[in-house]
Structures are given as C-alpha cells and as structure tokens.
Amino acid sequence: MLRFFVRRFAVAVLVALTVLTLAFMLTRLSGDLAISIAGPNATAADVEQIRQVYGLNRPLYVQYLDWLGRALQGDFGESYFFRDRVAKLIAGRMPVTVTLGLVGLSIALVVSLPLGILAAVKEGTWVDRLVGVFAMIGQAMPSFWLGLLLMIVFGLQLAWLPISGVESWDGFILPGVVLAFSAIPSLTRLTRSGMIEALASDYIRTARAKGLTRLSILVKHGFRNAAIPVVSIAAVQLGFMLGGSIVIETVFALHGVGYLAWESISKNDFPVVQAVVLVLALIYIGLTLLADLLNAVLDPRLRTG
Amino acid sequence: MPAGRGARLLRSPGFAVGAAIVGFAAIVALLAPWIVPYDPFAIDLDRRLVPPSFMEGGDPRNFLGTDQLGRDYFSRLIYGTRISMVIGVLTVITSGLIGITLGILGGFYGGKVDDAVVFAITTRLSIPAVLVALAVAALRGSSFMLVVLVLGLLLWDRFAVVARSTTMQIRNLDYVAAAWCAGVSRWWVLTREVLPNIATHLAVVATLEMALAILLEAALSFLGLGVPPPLPSWGLMISEAKEYMFFSPWVIIVPGAALFVLVMGVNLLGDALRDMMGTDLSR
C-alpha cells in the first residue's frame, strides 16, 4: 500500500515538472516573445527595451531555470496588462471558478446518479433507452450554444435568472447547469454500467435470498459497489470542468480564472496565460492523484505496482 | 469481423440515423460550391438579418435568412459543413497516427517503453486542451491549418489508451504467437496481426474524437481564436451573431442546431459500433 502511494506520488511530481517545462515552451512558440509583447506598433527600440526589462536577452536555459525556480516557489511573475502579481490575480479569481466547478459537479451528480441507477434497474426497457438518448443529447450539445440558449429562455423570455455575472448566488445556476452537461453523459453511463454489474453479482442474489427490501438491496449492496468508480471519475471530471470553464466563463461573463485566461490571451499577457495553464494542470494532477488513492483505499484489488 | 455482427450493426436504428446524418454532411461538404444558392461571402448591407423564409418577415430568396452583414445564411451553413467535416477528419487522422503508434508500442513492448507511453498519456491529460489551443492560436495567429494541427496534437490520448489496452490483451494470443513462429518480422506482427485486430475498437475512438474535434473547433472559433473570419465556421457564425440573439434567436439556433445534429450523428455511429462489439469504451 505504501509502495503504491509513493510510486503514484512520484509519477504525479514528474508529470507536474513536465507540464512546467511545456508551459515554458508554450510561450516561446511565438518565436520572439519581445515582439509579441511589444505589439504591432512598437519600434525596434521598444522591443529592445522589453528584452532588457523581462530578461529575454539571456540564454534560453538561464531564462528557463530562473522561471522554473520562481514558479516552484509560487512566483509566476507580473502581469503585463494588469500590472499586478500573477499569483495574486489568479488567487483572486479562483473562488468563482471553484464555486462554478463544484456547483456544476453537484448538479451533474444529482442528475446522473439517479438516472444511472434507474437505467440499470430497468435495463433494456424504454426507460433505459430514454436515459441513453438523454446522455447522447448531452454529449452532442455544444456548451457555449447551450449557454446562449438558456440565456435567451431563462434570462430574457422568462426573466427568472441573471444572464451574466455573479452578483448574487443565482448567477451560478445557468453556468452550473451548462458545465454539468459536460459531465452528465459519462457519469450516467458509468453509474449505469457499474450498477448493472453490481446487480448481477452473487452478493445481490444473497441479499435477495435473505428477503431484504428492494430499496435496501439497491442502495446498501448495489450502489455502494457501483459508487467506487463513480467517485474517482467525479474527481477527474471536476478537473476537466475547471479546465473547460474558460468557454462557460466567457459566455456568462463570470470573472473567474477561465475569463482571466481569455482576457490575457487576447491581450498577449503571457505570464498570466502560462500561469493559468499551470495552475489548472496542477489541480488536475492533484485531483487524479486523489482519485487514485481514494480508489486504492476503497478497493484493495486495485493496489498494484 | 464475423458476418453476424456486421448484419446486427446494419439493422440497428442508431447506426442508420448516424450514417444518414454523417453521409449527408459528407456529401454537402464535398458538393458545397455547386449547391450553394449564393456566394457565402457576398455582403449585402441593405438586407441584414432577414429572418428565414418560413418565419414572419422572411424572404423566399433566403431560405435561412441573412446574417448581420446580409450574407445568405443557408449558403454559409453549407460551407460551414465543409469546415467541420474537414477539421473532424484531419484531426482524427493526425491524432490517430500519434495515439495509435504510441499505444501499440506501449502495449506490445511493455516495460520501460510502456512506462514512457503511460507517462506521455498522463501528462497530456493534465494539460487543459482548450486553454492551450487558445494560447497557441493567439501566439501563432489563428488559421485553419493551425486549428487542425493543434487539435491533432492534443486529442490523441484516447487513441493511445485504447490501442495500448487492446494490444496488451491480444499480444499473447495464439495467432500472434503463431506469426512469431512463422518467423515474420516485428513490423509484420504489429501491422498485420495486431493492428487489424484492434481496428474496430479504434474506429469507436475515431468517432468520439471526431465529435470532440468538431465541438472544440466550434468552441475555439466561438472564442475568436479558431478558424479566422470571414470563413463560415459554425462556431464563428454563432459568435458573430450573438449580439443579435435576444431579438432574433434564430441567428444562433440555426448554426448551433447544425453543429448539434452533426455531432449527434457521429456519436450515434460510434455507439452503434460499440454496441456491436459489446464493450464499453466511453469512459
């Protein structure tokens, strides 16, 4: 068990270091970063000055090591546009993104767990097929389009909910629903297949033979076993959702980390973009690590290697 | 593929609907220049935001109305099919080449090679794809080919995962061993024994990735960093029209619905293929 944890942790650290390196390389893709920062109207002298100020005239490996050393201490430099520490900017925007992610995941779980269980219990019937169609619709729905449609219907025509911003809690509902849609199909299918497998197993037959009630069998014996993969996938989905929140935050003008990234991308503010990529990647790495450890604790069969 | 499975595939309603949608989209994409009623780039500022012909205030000359610059919406929608289909297919080819090569190598050789492949997959999954695609487009200037390249380089993970696990399952089976005994080369075993036997699994992944690529291209173009204007990408059409959506909702409903139906069609094909094999790869 300990060996598994150590190994898994070492892999996570290695992945994180690789992502750090890739994030550094990402901003050097443009060829000359100084010219990109200076913008189209800059003179040669401006570009030269930017090179001096940001240390872009040093050898690449020096820049890399310097950047890496600072990044490991949580120092992502200063934003060109906001004139503020990048780490502070991101920390200030994080609550909105995390709240959105948690609202989205909660909605997704509330919808997909009962649907998945229902589909499993009624396997092969029209109920099961209907749930399948619902999952399929969710999978094909472009999130930004769904967001705009919900804005038209609930924001304008029914005027129930705000169409942008999060001045009050209900501003999270529409974006949360849209974000949930990206996770509902896979969570529903996973719950369904897990439940079908659990319901077909010997311990369920034993429980039935003991004369337990249907509900008790479903919840205590069936769902408990089906929930193991769902828990870990839910953690991974949360990571994906945070990464995908850039589209939804832009649609609903939620000033979270994704919106910050989008603003920064359009303003060539590379330190911020780089840092957001990194932070989202690190959160994802952390969540998958957590999921794997959780899985190992819940299901000893998985503790290999 | 045994004949019984193929017959079951053809009888499934999901496959029929999916094949009809994707086939229709492919034909429209191929014939776009010959079937458009108007030039999709021709601007007519006197006839802006004309509603579709079947709606109130519509004009029979423009079946789906005109956009905010007076361009024929139906013609733009038809050209948009071309963009989505080409991006979907090219992305699948690029990401498939990368992912399948990595996956087969990892699954076949195991050991250190496999560790490296698993590491590459883990790293790729931790990178937020949309964000990186946007950043690259901003740095290099967005273009059609850049979108294909970026999506191809980002979406290979599922190909690698599935190619790896299926290769592992079959590498020790009798027919592979038999091929070894017959003294054929490693290349022969990989391409003639392994690859054909995991091909149906990979076909399912190809449909999933094609659907994802089409959706991602639309999202990137919607955010202004995908296919550059004036190309009529469906995502870009939605983005350009969204300031008018509260007064004329059809301007975003039309391209969004096209996007939804095409992605649905591709997914239906994939689901039918998966049902045929009786395995669940979607997770």
Side-chain angles (χ1 to χ4, degrees), chain A residues 11-12 14-16 18-19 22-23 26-27 29-31 33 36 132 136-137 139-146 148-149 151-152 155-157 163 185-186 189-190 193 229 233 236 239-240 242-244 246-247 250-251 258 261-262 264-266 268 270 273-274 276-277 280-282 284-285 288, chain B residues 14 115 118-141 208 211-212 214-216 218-225 234-235 238-239 241-242 245-247 249 252-253 255-257 259-268 270-271 280 282-283:
Chain A
V11 171
L14 246 136
V15 171
T18 312
V19 174
L22 289 174
L26 177 68
T27 53
L29 271 178
S30 62
L33 192 58
S36 307
M136 180 135 255
I137 289 174
Q139 210 179 5
M141 190 69 85
S143 61
F144 60 95
W145 186 58
L146 178 65
L148 295 176
L149 292 183
M151 271 159 89
I152 294 176
L156 190 84
Q157 298 191 338
I163 54 172
S186 59
R189 289 192 176 136
L190 196 64
S193 59
I233 291 293
V236 176
F240 272 127
L242 294 178
I246 180 166
V247 179
T250 315
V251 170
W262 188 70
S264 308
I265 285 170
S266 45
N268 280 350
F270 301 118
V273 180
Q274 204 171 32
V276 173
V277 170
L280 290 178
L282 292 181
Y284 179 85
I285 293 170
T288 43
Chain B
D115 286 346
V118 172
F119 184 76
I121 296 172
T122 320
T123 309
R124 156 54 206 102
L125 281 173
S126 65
I127 294 170
V130 181
L131 194 51
V132 168
L134 285 171
V136 173
L139 282 161
R140 311 257 8 173
L208 286 170
L212 190 58
I214 292 172
L215 281 177
L216 276 181
L220 294 180
S221 301
F222 174 77
L223 292 174
L225 286 163
W234 291 339
I238 296 174
S239 162
K242 73 171 184 297
M245 71 177 192
F246 288 123
F247 308 103
I252 68 153
I253 292 176
L259 190 57
F260 174 72
V261 171
L262 177 56
V263 173
M264 184 83 143
V266 177
N267 281 337
L268 279 171
D271 264 28
D280 186 7
S282 71
R283 45 205 232 212

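Note that the coordinates shown come from a computational prediction; the quantities given were computed from them, not determined experimentally.
- Note that OG of B:S126 is 9.5 Å distant from CZ of A:F240, once rounded to the nearest 0.5 Å.
- Closest approach of B:L215 to A:A140, counting heavy atoms only: CD2-O, 4.0 Å.
- The two atoms that bring A:V251 and B:F222 nearest to each other are CG2-CE2, 3.5 Å, heavy atoms only.
- Taking every heavy atom of both residues into account, B:A135 and A:I265 meet most closely at N-CD1, 3.9 Å.
- The choice from B:L268, B:V130, B:N267 that makes the most heavy-atom pairs within less than 4.5 Å of chain A is B:N267.
- The minimum heavy-atom distance linking A:I152 with B:M245 is given by the pair CD1-O, 3.8 Å.
- For B:A129, no part sits under 4.5 Å from any heavy atom of chain A, backbone or side chain.
- Per-residue counts of heavy-atom pairs under 4.5 Å with chain B were compared for A:L14, A:L148, A:L280; the largest is that of A:L148.
- Between A:Q139 and B:V263, the shortest heavy-atom distance links the atoms O-CG1, 4.4 Å.
- Contacts of B:L262 with chain A are absent, with no heavy-atom separation under 4.5 Å from either backbone or side chain.
- Between chain A and the options B:L223, B:I238, B:I214, heavy-atom pairs under 4.5 Å are most frequent for B:L223.
- By number of non-hydrogen pairs under 4.5 angstrom with chain A, the leading residue of B:D271, B:V261, B:D115 is B:D271.
- At a 4.5 Å heavy-atom cutoff, B:A211 makes no contact with chain A through either its backbone or its side chain.
- With chain A as the partner, the residue from B:I252, B:I127, B:L259 showing the most heavy-atom pairs under 4.5 Å is B:I252.
- Of the two parts of A:V236, neither the backbone nor the side chain holds a non-hydrogen atom closer than 4.5 Å to a non-hydrogen atom of chain B.
- Between chain B and the options A:I137, A:L242, A:T18, heavy-atom pairs under 4.5 Å are most frequent for A:I137.
- Most heavy-atom pairs under 4.5 Å with chain A, from the set B:L225, B:L220, B:L212, B:L134: that is B:L134.
- Contacts between A:L146 and chain B at a heavy-atom distance below 4.5 Å are absent for every atom of the residue.
- Minimum interatomic distance between B:F119 and A:V11 (heavy atoms only, all atoms of both residues): CE1-O, 4.3 Å.
- Neither the backbone nor the side chain of A:L282 comes within contact range of chain B, judged by heavy atoms closer than 4.5 Å.
- Among the candidates A:V273, A:V19, A:I246, A:V277, the residue making the largest number of heavy-atom pairs closer than 4.5 Å to chain B is A:V277.
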